[in-house]
Amino acid sequence: MTTSTGFDNNAYNLPALRLSDVPNPAQTRVVVGMSGGVDSSVSAVLLQQAGFQVEGLFMKNWEEDDGTEYCTAMEDLADAQAVCDKIGINLHTANFAMEYWDRVFEHFLAEYQAGRTPNPDILCNKEIKFKAFLDYAVTLGADYIATGHYTRRSVNYTREDGLEVAHLMRGLDNNKDQSYFLHAVGGDKIAKTLFPVGELEKPEVRRIAEEHDLITAKKKDSTGICFIGERRFKDFLQQYLPAKPGNIVTDDGITIGKHDGLMYYTLGQRGGIGIGGVKDRPEEPWFVLQKDLSNNELIVGQGHDHPMLLSQRLTAYKLDWVERIAPAAIFSEQGLKCMAKTRYRQPDQSCTVFADSDDGSRVKVIFDEPQRAVTPGQSAVFYIGEVCLGGGVIESFE
Ligand SMILES: Nc1ncnc2c1ncn2[C@@H]1O[C@H](COP(=O)(O)OP(=O)(O)OP(=O)(O)O)[C@@H](O)[C@H]1O
């Protein structure tokens with residue numbers, strides 16, 4: 001990572017790339033990630049309508065252990081195949097289960113074990129969808145890949161060192177914007193990707209699917225962890241990590257119950273703490289305030305905005321800047337004034353970012369307003385206007 005960027009604020013105003021801006025669609029091969037969901041189905045239709053040579057690729061990245069209730073992959077593949085048959089495109093399949101395990105899942109477990117709350121979908125996008133998938137698509141002759149993410153990208157531009165990159169931009173549908181999950185994907189990869197539904201609102205996407213009589217038109221949006229899906233989280237995690245029960249202790253040091261393992265709890269969490277009424281305490285909800293790893297204690301308190309849950313500064317590490325170069329302003333005395341989200345769906349928060357390492361791979365962030373439940377392991381993601389600059393993993397807060 002170098003810091004000698006000539007990048008200035010004007011560069012954040014590059015226009016979004018539309019499908020109609022791509023030259024020679026008839027000579028351009030696009031491989032779409034077909035998940036068996038409505039967004040990728042409509043992406044394929046839009047690419048086809050724009051005149052591209054379109055092919056689909058379904059990935060299977062998780063091997064079912066029991067092949068029973070959670071096994072939706074076969075159903076998703078069948079839906080992806082049905083959509084491809086309907087619109088007349090070829091569907092390839094690939095299995096990246098080994099890559100997913102090595103590059104995403106092991107890290108996910110290690111983070112839980114260290115008391116943090118990781119976001120595997122971010123790593124999955126970086127390591128699988130925009131690496132393993134992209135590399136494979138290139139072997140199929142792809143000029144671009146496409147996904148059904150609700151994000152946009154700018155036109156390409158050339159960095160000082162000659163690398164062709166594009167900005168990652170928020171999806172037009174504010175409710176669905178997925179740029180938070182894609183912030184760790186490099187701009188060189190974004191430059192090779194098309195996001196056909198990024199310019200649309202979700203109801204419009206469903207309307208297009210219905211108009212084309214696609215089997216996925218009414219399919220419900222996927223939830224749960226990428227590729228692993230929706231499971232009873234506690235049972236799932238227990239298969240891989242030993243649970244270590246311990247005490248639940250109040251913020252003033254009184255033991256009031258037992259927890260079944262710190263990894264099952266998230267800072268700021270209200271439900272599921274398993275504490276009923278506590279003697280001499282008001283009948284108010286309890287919230288997780290801290291995980292004390294060294295004593296294996298879960299520290300709880302009352303009040304949604306308990307002072308232990310509020311912080312105005314954080315440190316983030318493993319920064320991934322979309323441009324692959326840290327913005328010069330983070331090295332200046334004034335820092336970089338921008339917007340941030342410390343979790344998906346959080347409204348933008350105004351902040352200033354300062355480099356905390358020579359290469360900008362670690363930063364300190366100072367928010368204008370105190371933030372609730374900043375959670376180590378989750379990501380802080382930075383924006384200027386429509387452009388997502390990148391982000392890093394939250395290490396600590398104060
Ligand atoms: N198993 C898969 N095989 C190929 N591509 C996939 C797969 N899962 C996800 N993708 C790609 O990543 C995009 C975003 O995936 P995500 O899991 O967020 O689904 P989504 O937003 O519900 O989209 P969709 O409605 O297409 O499932 C998908 O639209 C698709 O292009």
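We count residues from 1, following the sequence as given. Excluded from the calculations below are hydrogen atoms, water molecules and symmetry mates; all remaining heavy atoms, backbone and side chain alike, are included.
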Minimum heavy-atom distance between Tyr180 and Arg343, given as atom pair plus value: OH-CA, 3.5 Å
Contact check, side chains of Val54 and Val31, non-hydrogen atoms, under 4.5 Å: no
Trp286 side chain reached by Thr250 side chain, heavy atoms, under 4.5 Å: yes
Arg362 with Glu395: basic N within carboxylate O range, under 4.0 Å: yes
Main-chain N/O of Val288 paired to His306 side chain as donor or acceptor, under 3.5 Å: no
Main-chain N/O of Val381 paired with Ser379 side-chain donor or acceptor, under 3.5 Å: no
Salt bridge flag under 4.0 Å for residues Arg281 and Asp252: yes
Shared hydrophobic cluster for Val393 and Val363 (ILVMFWY, side-chain gaps under 4.5 Å): no
Expected output: side-chain Asp359 to main-chain Ser361 donor-acceptor under 3.5 Å: yes
Polar side chain donor-acceptor pair, Glu164 to Asn156, under 3.5 angstrom: yes
Interatomic spacing from CZ in Phe133 to SG in Cys124 - rounded to 0.5 Å: 11.5 Å
Tyr344 ring center within less than 6.0 Å of Phe181 ring center: yes
Pi-cation contact, Tyr383 with Lys341 (under 6.0 Å, within 45°): yes
Atom of Thr117, atom of Tyr265 and distance for their closest heavy-atom approach: OG1-O, 4.3 Å
Side-chain H-bond candidate by donor/acceptor type, Asn175 with Lys202, under 3.5 Å: no
Between Gln53 and Gln27, a side-chain donor and acceptor under 3.5 Å: no
Main-chain N/O of Tyr150 paired with Gln178 side-chain donor or acceptor, under 3.5 Å: yes
Between Asp235 and Gln239: side-chain donor-acceptor atoms closer than 3.5 Å: no
Over 12 foreign heavy atoms within 6.0 Å of NZ, Lys337: yes
Sub-4.5 Å side-chain heavy-atom contact between Gln49 and His212: yes
Pairwise side-chain contact, Val185 with Val322, heavy-atom cut-off 4.5 Å (strictly under): no
Nearest non-hydrogen partners of Val30 and Ile145, listed with the distance: CG1-C, 4.1 Å
Straight-line distance of Asp358 CG to Phe331 CZ, nearest 0.5 Å: 8.0 Å
Main-chain N/O of Gly162 paired with Thr158 side-chain donor or acceptor, under 3.5 Å: no
Note, Arg18 side chain near Glu199 side chain (heavy atom, < 4.5 Å): yes
Parallel, tilted or perpendicular: rings of Phe105 and Trp101 (30°, 60°): tilted
Gap separating the CG atom of Asn247 from the NZ atom of Lys258, nearest 0.5 angstrom: 4.0 Å
Side-chain donor-acceptor pair present, Ser294, Asp292, cut-off under 3.5 Å: yes
For the student: nearest non-hydrogen atoms of Tyr12 and Leu389, plus distance: CE2-CD2, 3.1 Å
Pairwise distance CG(Leu123) to CD(Glu106) - rounded to 0.5 angstrom: 11.5 Å
Closest approach of Leu309 to His304 (non-hydrogen atoms, all atoms of both residues): CD1-O, 3.6 Å
Phe287-Leu310 co-clustered via ILVMFWY side chain contacts under 4.5 Å: no
Common cluster, Ile366/Ile384, ILVMFWY with side-chain heavy-atom separation under 4.5 Å: no
Sidechain-backbone polar pair: Gln81 side chain, Ala78 backbone, donor-acceptor under 3.5 Å: no
Salt bridge flag under 4.0 Å for residues Asp177 and Arg152: no
Heavy-atom side-chain contact between Met169 and Arg153 under 4.5 Å: no
Plane angle bin for Tyr100 and Trp62 - parallel if under 30°, tilted between 30 and 60°, otherwise perpendicular: perpendicular
Any donor-acceptor pair under 3.5 Å from Asn296 side chain to Pro245 backbone: yes
SB check Asp348 Arg170 (cutoff 4.0 Å): yes
Derivation of the side-chain contact (heavy atoms from CB on, under 4.5 Å) call for Lys364 and Val353: CA-CA 6 Å; Lys364 282 205 180 302; Val353 184; over 6 Å; no
Parallel, tilted or perpendicular: rings of Tyr157 and His167 (30°, 60°): tilted
Chi angles and distances behind the side-chain contact (heavy atoms from CB on, under 4.5 Å) call for Gln290, Glu297: CA-CA 8 Å; Gln290 195 192 335; Glu297 287 176 349; over 6 Å; no
Single-linkage hydrophobic cluster, 4.5 Å side-chain cutoff, Val22 and Val45 together: yes
Charged N-O contact under 4.0 Å between Asp39 and Lys176: no
Side-chain heavy atoms of Ser396 within contact of Pro376, under 4.5 Å: no
N/O donor-acceptor pair under 3.5 Å between Asn24 side chain and Ala26 backbone: no
Side chain to side chain, Gln349 and Asp368, heavy atoms closer than 4.5 Å: no
Polar side-chain atom of Ser332 near backbone of Ala328 as donor-acceptor pair, under 3.5 Å: no
Hydrophobic cluster membership, Val42 vs Ile89, 4.5 Å side-chain cutoff: yes
Nearest-0.5 Å distance that lies between atom CG in Asn13 and atom OG in Ser154: 11.0 Å
Considering all heavy atoms, the nearest Leu267-Lys291 contact: CD2-N, 4.2 Å
Short side-chain to backbone donor-acceptor contact, Gln302 and Pro282, under 3.5 Å: yes
Side-chain donor-acceptor pair present, Thr151, Ser179, cut-off under 3.5 Å: no
Lys/Arg cation over aromatic Tyr264: Lys234, 6.0 Å, 45° cone: yes
Pair Glu210 + Arg207: basic N to acidic O under 4.0 Å: no
Ring geometry between Phe130 and Phe195 (parallel below 30°, tilted from 30 to 60°, perpendicular above 60°): tilted
Test side-chain contact (heavy atoms from CB on, under 4.5 Å) applied to Ile256 and Val300, step by step: CA-CA 9 Å; Ile256 55 169; Val300 299; 3.9 Å; yes
Salt bridge Arg29-Glu55, side-chain N to carboxylate O under 4.0 Å: yes
Spacing of Leu262 atom CG and Arg116 atom CZ [to the nearest 0.5 Å]: 13.5 Å
N-O pairing of Lys219 and Asp76 below 4.0 Å: yes
